[in-house]
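The next block holds one structure in the form of structure tokens; read it before the comments.
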There are 2 protein chains.
Amino acid sequence: MSTPTPDQTLPEGAFLQGLQSLRAACSNCNLRELCLPVGLSADEMQRVDELVRTRRQVLRGEHLFRTGDAFHSLVAVRTGFFKTKVLLADGREQVTGFHMAGEVIGLDGIGNERHTCDAVALEDSEVCVLPYGRLAGLSREVEALHRRLHQIMSSEIVREHGVMLLLGSMRAGERVVAFLLNLSRRLAMRGYSERDLHLRMTREELGSYLGVKLETVSRALSKLQADGLLEVSRRNVRLLDLPALRALLAKSE
Amino acid sequence: MSTPTPDQTLPEGAFLQGLQSLRAACSNCNLRELCLPVGLSADEMQRVDELVRTRRQVLRGEHLFRTGDAFHSLVAVRTGFFKTKVLLADGREQVTGFHMAGEVIGLDGIGNERHTCDAVALEDSEVCVLPYGRLAGLSREVEALHRRLHQIMSSEIVREHGVMLLLGSMRAGERVVAFLLNLSRRLAMRGYSERDLHLRMTREELGSYLGVKLETVSRALSKLQADGLLEVSRRNVRLLDLPALRALLAKSE
DNA sequence: CAAGCTTGTTGATCCAAGTCAATGCGATGG
DNA sequence: CCATCGCATTGACTTGGATCAACAAGCTTG
């Protein structure tokens, strides 16, 4: 795996059992600047720690939840990578998002106590389980947490507006570029290179997300490579000319 | 206007000034079973009444808010019809939703205190202004309101998943049918006919929402009419065979 | 009520992306 | 170490929807 892992702090076999609880705390998690506890004071974060006890391992290909599952918890991605997808009656599926460390999934379940989409790990991953009832309860006591929850949901709405714009108004090549730049930005926020991307999904999954066929994704990438804007080798993409890529989106070619 | 108005309870020129506050109350609003106060007890609803004082008239074509505007309030549509849209740098726009009585708009602004889309009235409308700060404050005291706010945001996320499915995985004809059935259901929930629809948007706006061109919308409607599934006359649509229309979506043709 | 908009319909043509098919290439496992 | 399998690429051909264009049908407005 060519990508560095952000999580080197915690030896897998911590020999003091007591360390387990410390291990599952937001307070000393390196994602705390990105994840649920943004905007919380040290005190407040400790109160959140008390309910974020459970971590869960999800292996590549496993479902975190499925459409129809009862909703109990949100989950924050700690390591790894997920896709969420919705299904049409005849089996067609639409990937609605890709989710990485520090992002919260499961918001769709709050409304009617059932999940309305599937979440699948695209690589071996670890998530923090956030029991919704307790989270909601605490958020009525801790204003910053209340705000943060609203903010997370609102941001998800805004993100989806962006996807709708992409699906409804862009051509295939633009969609691919928009996706790559979005991924680049999210990786940069986490301290990774904004130029060297390792795609965690197949061309088919990416195509589903972008509303095009896998061959179209492949051709779009080849075209961008031919134009000298990036290098592709299977799932590794190096963005060679970020300004030019951004310009492709700024004005419609 | 061929559509009945749901609001016949309140004479425009109420002669007792005191009635104004009563007028702007959720407690005696006929939309209370659909709108913000769903799930609230009578007592709780009265507490919400105290912050939902302001109504605002928005004329056809007027903006309720614009991208970049500072965010202060959510708004609940009381009468009328709105579209929300996002813009691309080069001017292309994507309609992200159509909003009718009882629906709450402006959730996109919570995340970063600025609106990220435009909301425009498609007919003369009236909205209830819900000052966000006070709403958030009250929701920390009134648990049912807290739950309801989360539910509204979650439902919006789920709605958008549906639009992504539509934009990413359906063909033009299916998109039009999905839209009509969705509108039909929402009208039925409000006590209107599920068969007689009056579209409030142009073919172009509908096309933008559906990710196709206006001519394609027009052709799809003509095709459905030729097949005997509905009648179209400009903006009036009568659904003649709801089961058949639903079947078009259930299995891919 | 005629002139001029805006909106909607329909036809003819074109092209971006879909479909179908062959090939390549890395990983995995017997 | 070779066979297999899943994933990706590329080419040839097709097609659904876009584009361009003409026209119709309501509305405004003078």
Side-chain angles (χ1 to χ4, degrees), chain A residues 1-2 60-61 83 92 94-95 120 122-124 166-180 197-227 230-237 248 252-253, chain B residues 1-2 59-61 83 92-95 120 122-124 166-180 197-227 230-237 248 252-253:
Chain A
M1 199 106 310
S2 66
R60 177 157 182 248
K83 69 172 174 184
R92 277 177 285 181
Q94 173 69 30
V95 171
V120 184
L122 295 185
E123 60 181 13
D124 293 353
L166 179 147
L167 289 171
S169 304
M170 292 185 184
R171 27 199 57 254
E174 294 171 321
R175 297 184 198 191
V176 170
V177 172
F179 166 77
L180 292 172
L197 319 181
H198 179 75
L199 308 183
R200 296 330 200 323
M201 72 294 293
T202 65
R203 298 288 190 266
E204 184 170 24
E205 289 164 330
L206 183 48
S208 168
Y209 176 67
L210 299 176
V212 298
K213 293 289 151 184
L214 65 98
E215 294 94 332
T216 303
V217 174
S218 186
R219 283 187 237 269
L221 287 171
S222 300
K223 172 70 160 50
L224 290 165
Q225 177 165 253
D227 293 349
L230 51 75
E231 281 172 2
V232 214
S233 169
R234 295 195 53 89
R235 297 200 184 173
N236 297 302
V237 177
L248 280 186
S252 78
E253 161 69 5
Chain B
M1 200 105 308
S2 67
L59 297 178
R60 179 156 181 247
K83 70 172 174 183
R92 278 178 284 181
E93 72 179 51
Q94 173 69 30
V95 171
V120 185
L122 296 185
E123 59 182 15
D124 293 354
L166 179 147
L167 289 171
S169 302
M170 292 185 184
R171 29 199 52 254
E174 296 172 320
R175 297 184 199 191
V176 171
V177 172
F179 166 77
L180 291 173
L197 319 180
H198 180 75
L199 308 183
R200 298 322 190 353
M201 71 293 293
T202 65
R203 297 288 189 268
E204 184 170 24
E205 288 163 329
L206 182 48
S208 169
Y209 176 67
L210 299 175
V212 299
K213 292 290 149 182
L214 64 98
E215 294 94 332
T216 303
V217 174
S218 185
R219 284 187 236 270
L221 287 171
S222 300
K223 173 69 162 47
L224 290 165
Q225 177 165 255
D227 294 349
L230 52 74
E231 282 172 3
V232 212
S233 170
R234 292 189 62 84
R235 297 200 183 174
N236 297 301
V237 178
L248 279 185
S252 78
E253 159 69 7

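So you know, we letter chains A, B, ... as the sequences are listed, proteins then strands, and number each from 1. Note that these values count all heavy atoms, side chains included, but never hydrogens, waters or copies made by symmetry.
- In this model, a side-chain donor or acceptor of B:E215 finds a partner on the base of D:dC20 within 3.5 Å.
- Closest-nucleotide positions on DNA chain D for A:E204 and B:L214 were compared, and the one nearer the 5' end corresponds to A:E204.
- Across the protein-nucleic acid pair, A:R200 atom CZ and D:dA8 atom P stand 14 Å apart, rounded to whole Å.
- Separating the CG atom of B:L199 from the C1' atom of D:dG26 is a distance of 16 Å, rounded to the nearest angstrom.
- The side chain of A:R219 places no N or O atom within less than 4.0 Å of a non-bridging phosphate oxygen (OP1 or OP2) of C:dA17.
- Residue A:L122 contributes atom CG, which lies 14 Å from atom C1' of D:dC7 at whole-angstrom precision.
- OP1 or OP2 of D:dA8 lies within a sub-4.0 Å distance of a side-chain N or O belonging to A:R235.
- Looking only at side-chain heavy atoms (C-beta outward), A:L214 and A:T216 stay at 4.5 Å or farther from each other.
- Which of C:dG8, D:dT9, C:dG18 sits closest to the side chain of A:R203 comes down to D:dT9.
- Atom CG in B:N236 sits roughly 11 Å away from atom P in C:dG8 (whole-Å rounding).
- Across the protein-nucleic acid pair, A:R171 atom CZ and C:dG18 atom C1' stand 15 Å apart, rounded to whole Å.
- B:E123 CD to B:H198 NE2: the interatomic distance, rounded to the nearest 0.5 Å, is 7.0 Å.
- Side-chain atoms of A:R234 lie closest to C:dG26 of the nucleotides D:dT9, D:dG17, C:dG26.
- Between the side chain of B:R175 and the backbone N or O of B:M170, at least one donor-acceptor pair lies under 3.5 Å.
- Listed by first and then second residue, the salt bridge (Lys or Arg N to Asp or Glu O under 4.0 Å) pairs involving residues 201-220 of chain A are A:K83-A:E205 (not counting sequence neighbours).
- Nucleotide D:dA18 holds its P atom 13 Å from the CZ atom of B:R92, rounded to whole Å.
- Checking the phosphate oxygens (OP1, OP2) of D:dG6, no side-chain nitrogen or oxygen of A:T202 falls inside 4.0 Å.
- For the atom pair CG of B:L180 and CG of B:L248, the computed distance is 11.0 Å after rounding to the nearest 0.5 Å.
- Regarding contacts with the backbone of C:dG18, a side-chain N or O of A:T216 is found under 4.0 angstrom from either OP1 or OP2.
- Rounded to an integer number of Å, the gap from CE of A:M201 to P of D:dA8 is 10 Å.
- Atom NZ of B:K223 and atom C1' of C:dT10 are 16 Å apart (whole Å).
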